[in-house]
There are 2 protein chains.
Amino acid sequence: MNAPATIGTTEKVADAIRSGIRTGQFVPGQHLVEAELTLRLGISRSSLREALRHLSGDGIVAIHRYRGAHINRLTRREVRDLLEVLEQLVRLAARLGAASGHANRSLMDAALDAARRHDEDGDHRSYIAVRQAFYDCLFEVAGNRELPRVTPLRRADLFRAQIRPYQTRAQQDSHTEGYRAIAQTVNDGDVEAAEAAVAALFAQTNAMVDELPDVAFDVE
Amino acid sequence: MNAPATIGTTEKVADAIRSGIRTGQFVPGQHLVEAELTLRLGISRSSLREALRHLSGDGIVAIHRYRGAHINRLTRREVRDLLEVLEQLVRLAARLGAASGHANRSLMDAALDAARRHDEDGDHRSYIAVRQAFYDCLFEVAGNRELPRVTPLRRADLFRAQIRPYQTRAQQDSHTEGYRAIAQTVNDGDVEAAEAAVAALFAQTNAMVDELPDVAFDVE
DNA sequence: GCCGTCAATATCGTCCTACGATTTCATCTG
DNA sequence: CAGATGAAATCGTAGGACGATATTGACGGC
């Protein structure tokens, strides 16, 4: 009864754009012309505009009156602010997950498996899958249903898309390893270690942001 | 250049509904019939639907396919989850605000003034104004622009609306005093005291939630 | 050659109508 | 009274229309 009986056009379109950002089909800063998108996606303008309005609420697209919608492109400062908030929420999730002893071991195991698989093939697509699976599991284990709603993961996808050209394979692996460390400590039920693992991951990410060139970000 | 040149219909409608929730014009659980709202607000169905889609992103209204939109009504558990997340974000804001020594004293002073004014007249409308002003100031002082975006304050408004009939004047005053304490500690630049003040406020709110009757919440 | 003005064009914002899809609800039947 | 049934209400999506505004490129003055 809680399952969405059928999926609506608006959601499909929003998902298409969101996943398009992750796959590189849409690039941050890109202008989204309504007429073109309605043709490409085979939908009406009404549905498209509803979807864009939905995405603008998540901070994924920005809508300027009479200038239309474009995929957001974050400034360095926006990224820093985003990471600062994200860290708190992920830390809370890790804390809750570690504290709930009866946690779904199997879920985190799945994330660990995904991480291992990533180590093997090392594709960018699999990196995305690992990230997605990791956070899904973490929120599931945390058991707080508000958390996935407010956590700006989709907005963080923008950041991921922006830095992709400048991210080395080593950095990616290191990041995945960070996920693994968090999953491990959460699984062990070690609250303090879990929080420390989250802090370490974000410290690393923040350091990377500091080293990235200006061109990776939008101008102030 | 960063100012929204003109305000669009969609935003106006969304604001109307949001403020309608705060003023009691719309009540949690209420079914929103498109035809009626378009008449009441004097807008087209397209604009209304865009606004509703926007609000659904904030978790203020829920949209079920072919059954329309209704103002969300939170369960006790949803409120607990919401408060848990909210506390972390407000704590971050307080920490940042207290740490940034050069903070806008005048802003927090305004919040304090509002709180004092509330103590005098004690109207519910002024309570809302205090709350709004307090959080606006806090986020301003914190200086993190992602914070106001993710903080589920609008969703907390739903909670406020639900518990209004069960909240005593003393509880309201106590809550306002909590705002005052946070503002004070942030103004003083005392990071630890600020975090403690936030924790105290939420401990109090959580205790209140535990004591509220079941009828104040939506059924599981 | 550079800069401001101005018209043409592209695009958006809003309103409107239409119609199939689905739920809701009163009614009928056994 | 339970379940079937059909009408009404409501929603979801499509598509067209038109004014409003931003963008672009041409034009002329300096």
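Chain identifiers are assigned alphabetically (A, B, ...) following the order of the sequence lines, protein sequences preceding nucleic acid strands; residue numbering begins at 1 within each chain. Because the structure is a prediction, the values reported are computed rather than measured.
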* Asked: Roughly how many Å is it from CG in A:Leu52 to P in C:dG13, rounded to a whole number?
  -> 9 Å
* Asked: Does a side-chain N or O from B:Arg49 land closer than 4.0 Å to OP1 or OP2 of D:dG12, or not?
  -> yes
* Asked: Hey, which of these two, B:Gly42 or B:Tyr66, hits DNA chain C nearer its 5' end, going by closest nucleotide?
  -> B:Gly42
* Structure fact -> Whole-Å distance, A:His64 NE2 to C:dT11 C1', equals 15 Å
* Establish, with yes or no, whether the OP1 or OP2 oxygen of C:dT14 is under 4.0 angstrom from a side-chain nitrogen or oxygen of B:Ser44. => no
* To do: Please state whether the phosphate of D:dT13, meaning OP1 or OP2, lies under 4.0 angstrom from any side-chain nitrogen or oxygen of A:Thr9.
  => yes
* To do: Calculate the interatomic distance between B:Ile7 atom CD1 and C:dG13 atom P; express it in whole Å.
  => 12 Å
* Can we say A:Arg145 and B:Asp81 salt-bridge, meaning some charged N sits less than 4.0 Å from an Asp/Glu carboxylate O? -> no
* Remember a base hit wins even if backbone is also touched, and classify B:Arg65 as base, sugar-phosphate or nothing at under 4.0 Å, heavy atoms. => sugar-phosphate
* Asked: Checking all strands, does A:Ser46 fall into the base, sugar-phosphate, or nothing category for heavy-atom contacts under 4.0 angstrom?
  -> base
* Asked: Any idea which of D:dA14, D:dC11, D:dT23 is nearest the A:Ile43 side chain?
  -> D:dA14
* Kindly say if A:Ser47 contacts the phosphate of D:dA14, meaning a side-chain N or O under 4.0 Å from OP1 or OP2. => yes
* To do: Answer yes when A:Glu146 and B:Arg77 have at least one side-chain N-carboxylate O distance shorter than 4.0 Å, and no when they do not.
  => no
* To do: Mind calculating the distance between NZ (B:Lys12) and C1' (C:dG13) to the nearest angstrom?
  => 11 Å
* Scan A:Leu32 against the nucleic acid and name what it touches under 4.0 Å (heavy atoms): base, sugar-phosphate only, or nothing. => sugar-phosphate
* Asked: What is the distance, rounded to the nearest whole Å, between atom CD1 of A:Ile63 and atom C1' of C:dT11?
  -> 14 Å
* Asked: Which whole-number value in Å describes the distance from B:Glu36 CD to D:dT10 C1'?
  -> 13 Å
* Decide yes or no for A:Leu52 and A:Ile17: does some side-chain heavy atom of the first lie under 4.5 Å from some side-chain heavy atom of the second? => yes
* Asked: Expressed in angstrom and rounded to an integer, what is the separation of B:His70 atom NE2 from D:dC11 atom C1'?
  -> 14 Å
* Do the charged groups of A:Arg18 and A:Asp15 touch, with an N to O distance under 4.0 Å? -> yes
* Asked: Within the structure shown, what part of the strands sits under 4.0 Å from B:Arg45 by heavy-atom distance: base, sugar-phosphate, or nothing?
  -> base
* Taking CG from A:Leu37 and P from C:dT11, how many angstroms apart are they, rounded to a whole number? -> 12 Å
* Any idea which of C:dC12, D:dC11, D:dA14 is nearest the A:His31 side chain? -> C:dC12
* Do the side chains of A:Met208 and A:Ile163 get nearer than 4.5 Å, heavy atoms only? -> yes
